[in-house]
Amino acid sequence: MKSMDGAVVEPLEQAVGRLLAEKKLTIACAESCTGGLLTSRLTDVAGSSAYVMGAVVSYTNEVKASLVGVQEATLRAFGAVSEETAREMAAGIQRAIPADLGVGITGIAGPGGATAEKPVGLVYIAVSYAGHILVRRNLFTGTRTEVKRQSVEKALAMVQEMLL
């Protein structure tokens, strides 16, 4: 890709992949509203089998609990779209696969499923690494596809931030 001034810009998934490979680290993803798009972007990079361990598309609460390790009490108390659930998704997938980094994404891509408290575009993203969990609340705009794309961009940026 090229920037506005013509300079070559490394796509974010390549930059993250390069960092993971250089540091000899692995990553696993638990994706809900993005439906596997983050993992797809990561595996678009040649050589990604060196650092992408696997992923779970945890679209239902049952899968979040049984495969990813989100506590049912967390889902009851805070709901699937919450900071707490994203945090448990990231840490849970990191243990379940296992991998050095875990990413959890949960949100409402729309156009339905929203409430007054949880509008379309609300997405929580968590990255777990080296005993730390970074969680961000995001409110994206646009179509379902645009919300998913923005969620993945933010997740990649957060992984890069944790690695730097």
What distance do [X] atom [atom1] and [Y] atom [atom2] have between them, rounded to the nearest 0.5 Å?
| X | Y | atom1 | atom2 | value |
| --- | --- | --- | --- | --- |
| Leu12 | Arg41 | CG | CZ | 7.0 Å |
| Leu156 | Glu161 | CG | CD | 12.5 Å |
| Glu83 | Thr74 | CD | OG1 | 11.5 Å |
| Leu38 | Ile125 | CG | CD1 | 8.5 Å |
| Glu84 | Phe78 | CD | CZ | 4.0 Å |
| Ser151 | Arg136 | OG | CZ | 14.0 Å |

What is the minimum heavy-atom distance between [X] and [Y], and which atoms define it?
| X | Y | value |
| --- | --- | --- |
| Leu42 | Tyr51 | O-OH, 4.1 Å |
| Glu31 | Thr39 | OE2-OG1, 2.7 Å |
| Lys148 | Ala109 | CG-CB, 4.2 Å |
| Gly69 | Glu88 | O-OE1, 4.2 Å |
| Ile108 | Val123 | N-CG2, 4.5 Å |
| Ser82 | Thr106 | O-CG2, 4.0 Å |

Item to check | Sub-4.5 Å side-chain heavy-atom contact between Met158 and Met162 | outcome: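 A side-chain contact under 4.5 Å is absent here.
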Item to check | Val147 side chain near Cys33 side chain, heavy-atom distance below 4.5 Å | outcome: no
For the pair [X] (side chain) and [Y] (backbone), establish whether a donor and an acceptor sit closer than 3.5 Å, ignoring hydrogens and angles.
| X | Y | result |
| --- | --- | --- |
| Gln14 | Val45 | no |
| Arg144 | Gly110 | yes |
| Thr34 | Leu37 | no |
| Glu153 | Arg149 | no |

Checklist entry - With a cutoff of under 4.5 Å between side-chain heavy atoms, which Ile, Leu, Val, Met, Phe, Trp and Tyr residues group with Val135? => result Ile133
Next on the checklist: Under 4.5 Å side-chain heavy-atom separation, chaining through any Ile, Leu, Val, Met, Phe, Trp or Tyr, what else clusters with Val56? Say none if it is isolated.
Outcome noted: Met53, Val63, Leu67, Val68, Val70, Leu75, Met89, Ile93, Ile97
Following the transitive rule for hydrophobic clusters with a side-chain heavy-atom cut-off under 4.5 Å over Ile, Leu, Val, Met, Phe, Trp and Tyr, establish whether [X] and [Y] coincide in one cluster.
| X | Y | result |
| --- | --- | --- |
| Leu134 | Val16 | yes |
| Val52 | Val152 | yes |
| Tyr124 | Ile105 | no |

Checklist entry - Between Val127, Asp100, Leu20, which is the residue that forms a side-chain contact (heavy atoms from CB on, under 4.5 Å) with Leu163? => result Leu20
Checklist entry - Is it true that atom CD of Glu72 has more than 12 heavy atoms of other residues, nucleotides or ligands lying nearer than 6.0 Å? => result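 No.
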Next on the checklist: Can you tell whether the side chains of Arg18 and Glu22 come within less than 4.0 Å, N to carboxylate O?
Outcome noted: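 A salt bridge is present here (some side-chain N lies under 4.0 Å from a carboxylate O).
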Checklist entry - Can you find a side-chain donor-acceptor pair between Ser32 and Lys64 that sits under 3.5 Å? => result yes
